[in-house]
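Structure first, commentary second.
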Amino acid sequence: MFEKEQELIEKKIKEFCISNDIPLAELKWQPIPFSGEWGFATSFFQTAANEARAGKGGKPIPQRAQEMAEQVKGILRLAAQDGSVDGISRIDAVKGYLNLYFSTAVYASRVVDEVLASSLDFGRGAKKNERVMVEYAQPNMLHSFHIGHARNTILGEVLARLVEFAGFETIRASYPGDIGLGVITIVWAYDKFYKGLEPEGIHERGQWLLKIYVEATAMLEKKENETSEETAQRESYETERRDMYRKWDVGDTYVRELWKTLLEWSMEELRDILRMLDAKIDVWFYESEVDEPSKIIVDELIAKGIATDERPQGGAVIVKIDEKLGLTKEKFRTNVILRSDGTTLYLTKDLALAKVKFEQYHVDRSIYVVDVRQSLHLQQAFAILKLWGFPQAEKCHHLGYGFVSLPEGAMSARRGRVVLFKNVADEAVKRVLAVESEKRGDIPEGEREQIANQIGLGALVYSMLSVDNNKDIVFDINEALSFDGRTGPYIQNAFVRANSILKKSGNLAAGTQVNTSFNYELTRHEIELIEQISRFPQTVEQAANEYRPLVMAAYAYDLANTFHSFYHAVNVLQTEDEKIRNARLQLVMAAKQTIENALRLLDIQAPEVM
RNA sequence: GCCCCCGUAGCUCAAUGGAAAGAGCAACUGCCUUCUAAGCAGGAGGUUGUGGGUUCGAAUCCCGCCGGGGGCGCCA
């Protein structure tokens with residue numbers, strides 16, 4: 001916003017330092033803390049330390065830094081007099097810092113005009129010539145979608161939105177685990193005990209498969225004090241299950257068809273959940289589809305001398321990663337990329353998948369949103385890709401996240417101890433509707449339901465984003481669905497309030513009007529709101545660079561918080577002076593737009609009323 | 001044995017080298033005939049696990065220790 005002014009000031013500081021033989025350190029700018037008045041600042045501690053190290057000075061560092069700040073202040077003041085630093089109202093030297101205060105009116109109209117002119121694109125980064133793939137939503141099929149999967153999907157979707165908005169071409173990829181012993185277990189149990197049955201409803205049907213899984217697991221599990229009869233039955237079930245997996249592997253028509261049918265039920269459920277979360281996946285990779293190609297890769301890796309084939313000695317195919325990289329200390333260790341029986345592993349498939357990502361989708365960067373416990377596994381995969389010769393391997397990034405557990409312990413699909421996302425979302429909507437019908441009986445019921453959906457999901461989504469991704473979450477439904485304080489609805493409410501002011505003013509459509517004049521004494525609340533709005537673009541950049549949705553989540557709250565305070569302190573519609581009233585309306589419009597943009601990045605909808 | 005993450009207010013979490021460590025929840029005090037109280041304002045709450053080190057400056061970086069969680073060649 002003040003890049004030109006900043007550049008000019010930097011130039012002056014450099015000139016000053018050169019002519020006084022001062023070894024200037026890199027100039028780092030930051031906003032001045034504490035408001036009332038705002039601007040940006042830089043300190044001279046580092047420069048003073050440099051000077052001391054060079055053997056000059058002899059004064060304490062803080063004192064010398066302050067001296068420099070004062071001298072620079074003097075120079076800049078002279079420059080300001082001849083009009084060359086327009087927009088800066090005041091310069092201060094405090095505690096070694098040089099503080100440059102903005103001219104309120106200039107800054108305010110620059111910020112507000114920019115937001116209104118770019119509207120939905122406010123904060124969007126310049127186009128980068130890089131294609132990024134974000135892989136997330138990798139649930140095991142036929143298991144139903146629990147809140148752990150929800151954390152993954154929400155993080156992935158928000159990361160994709162951030163990266164995209166920051167200017168990268170972005171591809172969203174999902175990688176469902178559509179095959180494996182767990183999946184076959186359900187197919188087997190369905191075939192044996194429930195063949196032909198099919199519950200009504202996408203989610204009911206999907207969740208029913210999970211129940212079958214829990215039952216089947218119990219049947220297949222060795223119990224204490226089994227009778228010999230029970231043992232025999234369990235073992236025969238086990239044989240049937242293994243047999244079915246073998247049949248799947250060789251492409252047996254009956255098993256494949258049945259598997260496809262159940263898989264489709266589960267996929268419908270998944271697609272509906274992704275629809276609820278507004279996650280539009282561009283590319284679907286299926287585990288079953290990379291199985292065969294990955295075997296070819298193993299041969300290639302052996303031929304290149306990267307992998308070691310120990311099968312002749314009765315072993316597996318392994319990669320001694322540390323050794324191949326020439327590392328002396330244990331880091332990536334050694335891992336198996338093909339079982340001794342020739343079947344593939346997760347790692348094998350991940351190599352095949354990466355190859356497809358690089359060669360078929362030409363991605364320059366690849367982000368994996370995966371449970372933090374798979375960190376070593378992914379580091380191994382990336383290291384092998386590097387050995388294999390893919391330059392993009394350097395730009396593979398694992399966004400790990402802590403796992404989601406329940407107050408009673410870890411979730412377990414096999415034991416049926418899971419909290420399903422759909423159930424929580426339904427409960428969320430129910431709770432919002434209860435509040436809604438009490439407070440807003442005037443809103444038609446159909447509309448209320450839609451709003452309840454937006455708010456309920458907003459609460460849930462925000463609760464997943466407001467904790468840094470490396471932290472574990474103990475899922476507490478009351479906490480996740482709280483509507484007070486630091487929550488999704490709090491932010492949505494700020495949006496609604498802004499909207500409400502604009503609606504009542506009848507000035508809703510004036511968004512393209514620019515050149516707002518803020519030539520009056522702004523209140524502290526207006527200034528803080530403008531400052532907060534102006535931080536949005538850099539927040540987008542930071543969140544995208546650091547792969548941290550939390551940064552945006554925290555910002556959205558701060559922005560909403562500032563707006564709520566403004567809302568109470570400044571009555572826009574009752575402002576008598578028409579010019580001031582208009583300026584404030586423009587400001588409200590800008591705030592509304594910025595909240596909307598932030599919410600969109602957080603995958604939270606912005607209701608017009610609530 | 002090796003590696004990774006975490007330890008900040010009673011609780012849940014922010015702040016990743018800069019000015020006096022911030023929010024929410026819980027508890028307390030005020031504010032709805034005034035643009036929606038899912039809100040605002042205010043007071044209270046801290047030796048940032050611990051001991052060293054680096055630095056002008058450390059919650060942040062380095063080393064040790066204590067406590068918690070996770071991972072480590074044929075699971076995903």
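These numbers come from the heavy atoms of this one structure, side chains and all, not from hydrogens, waters or symmetry mates. Per chain, numbering begins at 1; letters A, B, ... match sequence-line order.
Within 4.0 Å of Val570(A), counting heavy atoms only, lies at least one base atom of the nucleic acid. At the heavy-atom level, Val474(A) lies nowhere under 4.0 Å from the strands shown. Nucleic acid contact for Ile455(A): base, since at least one base atom lies under 4.0 Å from a heavy atom of the residue. Using a 4.0 Å heavy-atom criterion, one finds that Val609(A) contacts the bases of the nucleic acid, with or without backbone contacts as well. At the heavy-atom level, Glu436(A) lies under 4.0 Å from base atoms of the strands shown.
Using a 4.5 Å heavy-atom threshold, the side chains of Asn335(A) and Ile318(A) count as separate.
Nucleotides of RNA chain B nearest to Ser43(A) and Arg548(A) differ in position, and the one nearer the 5' end is that of Arg548(A). The 5' end of RNA chain B is approached more closely, in terms of each residue's nearest nucleotide, by Thr42(A) than by the other of Pro489(A) and Thr42(A).
Taking every side-chain heavy atom of Phe403(A) into account, rG70(B) is the closest of rG70(B), rC13(B), rA41(B). Listed nucleotides: rA37(B), rG57(B), rC13(B). Nearest to the side chain of Arg497(A): rA37(B). For Ala49(A), the side-chain atoms get nearest to rC56(B) when compared with the rest of rG39(B), rC56(B), rA15(B). Listed nucleotides rA19(B), rC56(B), rG69(B) differ in distance to Asp472(A); the shortest reach to its side chain belongs to rG69(B).
Here side chain to side chain donor-acceptor pair (under 3.5 Å) pairs that include residues 401-410 of chain A, with residues two or more places apart or in two chains, are Asn152(A)-Tyr401(A). Among residues at least two apart or in separate chains, salt bridge (charged side-chain N to carboxylate O under 4.0 Å, His left out) pairs with a member in residues 330-352 of chain A are Glu287(A)-Lys349(A), Glu330(A)-Arg333(A). Sorted by first then second residue, the side chain to side chain donor-acceptor pair (under 3.5 Å) pairs that include residues 457-466 of chain A, not counting sequence neighbours, are Tyr462(A)-Arg486(A).
Scanning for ring pair (Phe, Tyr, Trp, His ring centres under 6.0 Å) contacts around Phe45(A) gives Tyr97(A), with sequence neighbours left out. For His149(A), the ring pair (Phe, Tyr, Trp, His ring centres under 6.0 Å) partners at least two apart in sequence or on another chain are Phe145(A), His146(A).
A side chain to side chain donor-acceptor pair (under 3.5 Å) with Gln605(A) holds for exactly one of Glu596(A), Gln492(A), Gln454(A); it is Gln454(A).
A cation-pi arrangement, defined by a distance under 6.0 Å to the six-membered ring centre and an angle within 45 degrees of its axis, is present between Arg373(A) and Phe403(A).
Proximity of the aromatic rings of His143(A) and Tyr213(A) is defined here by a centroid distance below 6.0 angstrom, and this criterion is met.
Using a 4.0 Å cut-off between a side-chain N of Lys or Arg and a carboxylate O of Asp or Glu, Glu70(A) and Lys73(A) do not qualify as a salt bridge. Salt bridge status for Glu531(A) with Arg535(A): present, with a side-chain N to carboxylate O gap under 4.0 Å. The existence of a salt bridge linking Lys324(A) and Asp322(A) is excluded, since no basic side-chain nitrogen approaches an acidic carboxylate oxygen closer than 4.0 Å. A salt bridge links Arg64(A) and Glu67(A); the closest N-O separation between the charged side-chain nitrogens and carboxylate oxygens is under 4.0 Å. Glu221(A) has a carboxylate O that lies under 4.0 Å from a charged side-chain N of Arg415(A), or vice versa, which qualifies the two as a salt bridge.
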**Study point:** Verdict with supporting geometry, Ile13(A) and Leu98(A), side chain to side chain contact (heavy atoms under 4.5 Å, CB included)
**Key:** CA-CA 11 Å; Ile13(A) 294 174; Leu98(A) 179 72; 4.1 Å; yes
Polar-atom pairs under 3.5 Å, protein N or O versus N or O of nucleotides 74-76 of chain B: list them with distances, or write none.
unit_1: rC74(B); atom_1: O3'; unit_2: Arg339(A); atom_2: NE; d: 3.3
unit_1: rC74(B); atom_1: O2'; unit_2: Arg339(A); atom_2: NE; d: 2.9
unit_1: rC74(B); atom_1: O2; unit_2: Ser340(A); atom_2: N; d: 2.9
unit_1: rC74(B); atom_1: O2; unit_2: Ser340(A); atom_2: OG; d: 3.4
unit_1: rC75(B); atom_1: OP2; unit_2: Arg339(A); atom_2: NE; d: 3.1
unit_1: rC75(B); atom_1: OP2; unit_2: Arg339(A); atom_2: NH2; d: 3.2
unit_1: rA76(B); atom_1: OP2; unit_2: Tyr346(A); atom_2: N; d: 3.2
unit_1: rA76(B); atom_1: O3'; unit_2: Glu287(A); atom_2: OE2; d: 3.4

Pairs under 3.5 angstrom, nitrogen or oxygen only, protein versus nucleotides 25-34 of chain B, please.
unit_1: rU34(B); atom_1: O2'; unit_2: Gln574(A); atom_2: NE2; d: 2.6

Kindly give the atom pairs (protein nitrogen or oxygen, nucleotide nitrogen or oxygen) under 3.5 Å for nucleotides 2-10 of chain B.
unit_1: rC2(B); atom_1: O2'; unit_2: Glu330(A); atom_2: OE1; d: 3.3
unit_1: rC2(B); atom_1: O2; unit_2: Arg333(A); atom_2: NH2; d: 2.7
unit_1: rC6(B); atom_1: OP1; unit_2: Asn470(A); atom_2: ND2; d: 3.3

Filtered N/O pairs between nucleotides 58-64 of chain B and protein, under 3.5 Å:
none

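The number of heavy atoms from other shown groups lying within 6.0 Å of CD (Glu541(A)) does not exceed 12.
Between the NE2 atom of His564(A) and the P atom of rG24(B) there is a distance of 12 Å, given to the nearest Å. The distance from atom CZ of Phe495(A) to atom P of rG39(B) is 18 Å, rounded to the nearest whole Å. In this structure, CD of Gln63(A) is placed 16 Å from C1' of rG57(B), rounded to the nearest angstrom. Rounded to an integer number of Å, the gap from CG of Leu98(A) to P of rA19(B) is 17 Å. Rounding to whole angstrom units, OH of residue Tyr462(A) and C1' of rA14(B) are separated by 10 Å. Rounded to an integer number of Å, the gap from NZ of Lys95(A) to C1' of rG57(B) is 13 Å. Look at CD on Gln66(A): it is 16 Å from P on rA19(B), rounded to the nearest Å. Atom-to-atom, CG of Leu550(A) to C1' of rA23(B) comes out at 12 Å; the value is rounded to the nearest Å.
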Check your understanding: Dot-bracket for RNA chain B, 5' to 3', with Watson-Crick and G-U pairs under 3.5 Å, [ ] for crossing pairs and | for other-strand pairs: what is it?
Key -> (((((((..((((....[...))))..((((.......))))......(((((..]....))))))))))))....
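Using bins of under 30°, 30° to 60° and over 60° for the plane-to-plane angle, the ring pair Phe285(A)/Tyr175(A) lands in the perpendicular bin.
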Indicate every side-chain donor-acceptor pair of residues 554-562 of chain A with a distance under 3.5 Å to a residue at least two apart or in another chain.
unit_1: Tyr555(A); atom_1: OH; unit_2: Gln532(A); atom_2: O; d: 2.7
unit_1: Asn561(A); atom_1: ND2; unit_2: Tyr490(A); atom_2: OH; d: 2.9
unit_1: Thr562(A); atom_1: OG1; unit_2: Asp558(A); atom_2: O; d: 2.7

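Looking at residues 551-563 of chain A, you'll see Tyr557(A), Asn561(A) sit with a heavy atom under 4.0 Å from some atom of RNA chain B.
Judged by distance alone, the side chain of Trp259(A) and the main-chain N or O of Asp178(A) form a donor-acceptor pair under 3.5 Å.
If you check the side chains of Ser412(A) and Arg417(A), you find no donor sitting under 3.5 Å from an acceptor.
Between rA20(B) and rC3(B), the distance separating the two C1' atoms is 39 Å to the nearest Å. Nucleotides rA58(B) and rG49(B) are separated by 15 Å at their P atoms, to the nearest Å.
Regarding the sugar-base torsion, rC32(B) falls in the syn class, its angle being within 90° of 0.
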